[in-house]
Colleague: 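Take this structure first; my questions come after.
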Number of protein chains: 2
Amino acid sequence: MAPKVVRWGILATGNIAQTFAKDLLVDPATRNVHDIKHTIVSVASASGAARAEQFLKDVEAPQTAKGYGTYEELVNDDEVDIVYVATPHSHHYQNVRLCLESGKPVLCEKAFTVNAMQAKELVQLARVKNLFLMEAMWTRYFPLSIYVRETITSGRLGTVIRVYADNSLNLKPHESFPKESRMVNPNLAGGGLLDMGIYSLTWIFQTLYTTQPSDTRKTPDVQSALRKYEPTGVDETSTILLTFPRDSESGGDMHGISTTSFMVSNDSDGKNTSGPAVRIHGRDGELQVWPPLWRPTRTRLILADGTVEDKTFSIPGPGKGSNW
Amino acid sequence: MAPKVVRWGILATGNIAQTFAKDLLVDPATRNVHDIKHTIVSVASASGAARAEQFLKDVEAPQTAKGYGTYEELVNDDEVDIVYVATPHSHHYQNVRLCLESGKPVLCEKAFTVNAMQAKELVQLARVKNLFLMEAMWTRYFPLSIYVRETITSGRLGTVIRVYADNSLNLKPHESFPKESRMVNPNLAGGGLLDMGIYSLTWIFQTLYTTQPSDTRKTPDVQSALRKYEPTGVDETSTILLTFPRDSESGGDMHGISTTSFMVSNDSDGKNTSGPAVRIHGRDGELQVWPPLWRPTRTRLILADGTVEDKTFSIPGPGKGSNW
């Protein structure tokens, strides 16, 4: 049987859009997937059609793909099966809303929205319209992440009680980011938490929440502290303590510690000398994930019985990993 | 000049009293200290004089040392210069109060008291009586701890922004501790926080508080979560997020993450394979302290410029380290 072909529209043309588009065009057969293929039928840039055309050349899209100067043209293109939204997260709400209202399913870059109310509204709209809507949290789909979740649910670590997850990079913001940069500009919803902290939180949630039986999962209690970046007032270091309720028969409450910083690093010399970025503590041992947290390739399992297992999970080339 | 001789009275005769007394009797010359010596003149056990006499034999105290069957006899012994209080922390308040009211200076085992009000009252009483009063937090006095504090104050790590400290040992409490054990008995102020968590907190305070200029130190904001030990209701896993205020010109707020658990371990295979127990994150790199946190002997410095420095700080023998 011929593979199903999914025809994508790309909304915005920045770095992440380019990386995603290139990964999308890698033949799924390279990762042993044979029932689906992806193609790009159009792209839209708010900076104009010329920018969109250049993007199509840069990512080596099919010659037939169209470049638009407005997002409205993209969402009205009948050839587009699904839209990938790659704008800064400050704009996700309005962009996703536009797609859904035009009847298009959406894969939206993270952070999904800048607050819970926006997320709720979009989810509600997608349900009313019966349209697929998903945050592009690629890390959850890596074979490494699946191995981590399966190791927890298999019981090999014993009852899991605590998880630390840190995604911190000393990005030297005072030198690297002008005040108008999306990283630190409050008008573009800048700050460490929405840009990097979402990975720490994803690791907390996929280990302490997703691994629980779905009928027992409960919303965590949240406590937190934020440090501000003086020049613009956005958050630059965040520390979040999450308590996930669980029945005492199943092991009682679980603690998640999610940390993020622009100012310090969890990989101080850039050689992975500092240690793991995730530590999952169960009663029979520990499972570690090594940095970087957004695209990890290395784990270490250490059990009380003396077992130590190092694993590496390479990303299939060509591609960065969002083609998983 | 002959060394000054300090004549100790030992209040209680449990394991920690025995370890302390043996360390106390190690000649200070073994650690290059020549102006002071320590001796034991008496010991008291609430279980009776015979138990006290046996203790003196076990620790090889001078033949002239006296064994008492009540604490009152000890604190009324004119030969005693200072009392070491080694009872469970549930009893510290009343024992220290007895010593101070009898005019004796006190070194009190940790945890100092079971709540802040008791600590305040004892400090106030010691000030009124003009008597020395100190918690026996030995770890602060190790050369390793001095090195850590000096590395921070020297600026080698850059501005320090975050510290994690974990003292967790899976002590298998369900198998190891009967309900009446001081470790889990609420009537003896059992639980992980007062027994092990004080070390995590000590590492947070000596790195983020003690290293600040004394006129700028500020009380941290505290957020926390506790898991209970079902059989007795004491705390067994605690996670504490401390925010230390600091002027923005000096680097802004600092975050401390203090964790402790009876149920999971930070040294899963008992071979230090799991990684450090303290990570001190500054803008120019990281300083790590390896477990166990109460008596660490190993550090690792990792700087952004590629520097990696491992150090070991051996405990001078004979002795466990409380003779520092």
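Nothing here was measured: the structure is a model prediction, and the numbers come from that model. A, B, ... follow the sequence lines: proteins, then strands. Residue 1 opens every chain.
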Colleague: Could you tell me whether the side chains of A:Ser274 and B:Arg300 share a donor-acceptor contact shorter than 3.5 Å?
Modeller: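 No, because no side-chain N or O of A:Ser274 sits under 3.5 Å from a partner of the opposite role on B:Arg300.
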
Colleague: Is the backbone of B:Val264 close enough, under 3.5 Å, to the side chain of A:Arg283 for a donor and an acceptor to pair up by distance?
Modeller: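 Here the side-chain-to-backbone pair does not exist.
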
Colleague: Which heavy-atom pair separates B:Arg227 from A:Gly252 by the least distance, and what is that distance?
Modeller: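 Here B:Arg227 and A:Gly252 meet closest at NH1-C, 3.4 Å.
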
Colleague: If I measure from the heavy atoms of chain A, does B:Asn170 come under 4.5 Å with its side chain, its backbone, both, or neither?
Modeller: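 Side chain only.
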
Colleague: Ignoring hydrogens, what is the shortest heavy-atom contact between B:Glu286 and A:Ser265? Give both atom names and the distance.
Modeller: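 Between these two residues, the closest heavy atoms are OE1-O, 4.2 Å.
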
Colleague: Would you mind telling me which of B:Gly158, B:Ser224, B:Ser248 has the largest number of heavy-atom pairs within less than 4.5 Å of chain A?
Modeller: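 Among B:Gly158, B:Ser224, B:Ser248, the one with the most close pairs to chain A is B:Ser224.
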
Colleague: Are any side-chain N or O atoms of A:Gln223 and backbone N or O atoms of B:Leu241, one a donor and one an acceptor, separated by less than 3.5 Å?
Modeller: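 Here the side-chain-to-backbone pair does not exist.
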
Colleague: With chain A, which of B:Thr237, B:Thr243, B:Thr159 has the greatest number of heavy-atom pairs at distances under 4.5 Å?
Modeller: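 Maximum pair count with chain A is reached by B:Thr237.
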
Colleague: Could you tell me the separation between the CG atom of B:Leu242 and the OG1 atom of A:Thr239, rounded to the nearest 0.5 Å?
Modeller: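 It is 10.5 Å, given to the nearest 0.5 Å.
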
Colleague: Might you confirm whether atom NZ of B:Lys218 has over 12 heavy atoms from other residues, nucleotides or ligands at distances under 6.0 Å?
Modeller: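 Check passes, neighbour count above 12.
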
Colleague: Among the options A:Asn266, A:Asp269, A:Ile302, A:Asp221, pick out the one with the most heavy-atom pairs lying under 4.5 Å from chain B.
Modeller: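 When all of A:Asn266, A:Asp269, A:Ile302, A:Asp221 are compared, A:Ile302 has the most.
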
Colleague: Measure B:Ser168 against the heavy atoms of chain A and call it side chain, backbone, both or neither at under 4.5 Å.
Modeller: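 Answer is side chain: those atoms of B:Ser168 sit under 4.5 Å from chain A.
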
Colleague: Among A:Thr307, A:Leu157, A:Asp166, A:Val160, single out the residue with the greatest number of heavy-atom pairs under 4.5 Å to chain B.
Modeller: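 Winner by heavy-atom pair count: A:Asp166.
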
Colleague: Counting only non-hydrogen atoms closer than 4.5 Å, does B:His255 touch chain A with its backbone (N, CA, C, O), its side chain (CB onward), both, or neither?
Modeller: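 For B:His255, the side chain is the part near chain A, not the backbone.
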
Colleague: Who among B:Lys271, B:Arg162, B:His281 has the most heavy-atom pairs with chain A under 4.5 Å?
Modeller: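 Answer, by heavy-atom pair count under 4.5 Å with chain A: B:Arg162.
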
Colleague: For chain A, which of B:Asp305, B:Ile257, B:Thr259 has the most heavy-atom pairs under 4.5 Å?
Modeller: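 Counting heavy-atom pairs under 4.5 Å, the top option is B:Thr259.
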
Colleague: Heavy-atom distance under 4.5 Å to chain A: side chain of B:Leu226, backbone, both or neither?
Modeller: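 Answer is backbone: N, CA, C or O of B:Leu226 sit under 4.5 Å from chain A.
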
Colleague: Answer with side chain, backbone, both or neither: which region of B:Glu230 has an atom nearer than 4.5 Å to a non-hydrogen atom of chain A?
Modeller: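 Side chain of B:Glu230 only, per the 4.5 Å heavy-atom cut-off to chain A.
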
Colleague: Among the options B:Lys228, B:Lys172, B:Gln288, pick out the one with the most heavy-atom pairs lying under 4.5 Å from chain A.
Modeller: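 Top option by heavy-atom pairs under 4.5 Å: B:Gln288.
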
Colleague: Residues in ring pair (Phe, Tyr, Trp, His ring centres under 6.0 Å) with A:Phe313, at least two apart?
Modeller: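 Checked A:Phe313 against ring pair (Phe, Tyr, Trp, His ring centres under 6.0 Å); matches are A:Tyr147.
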
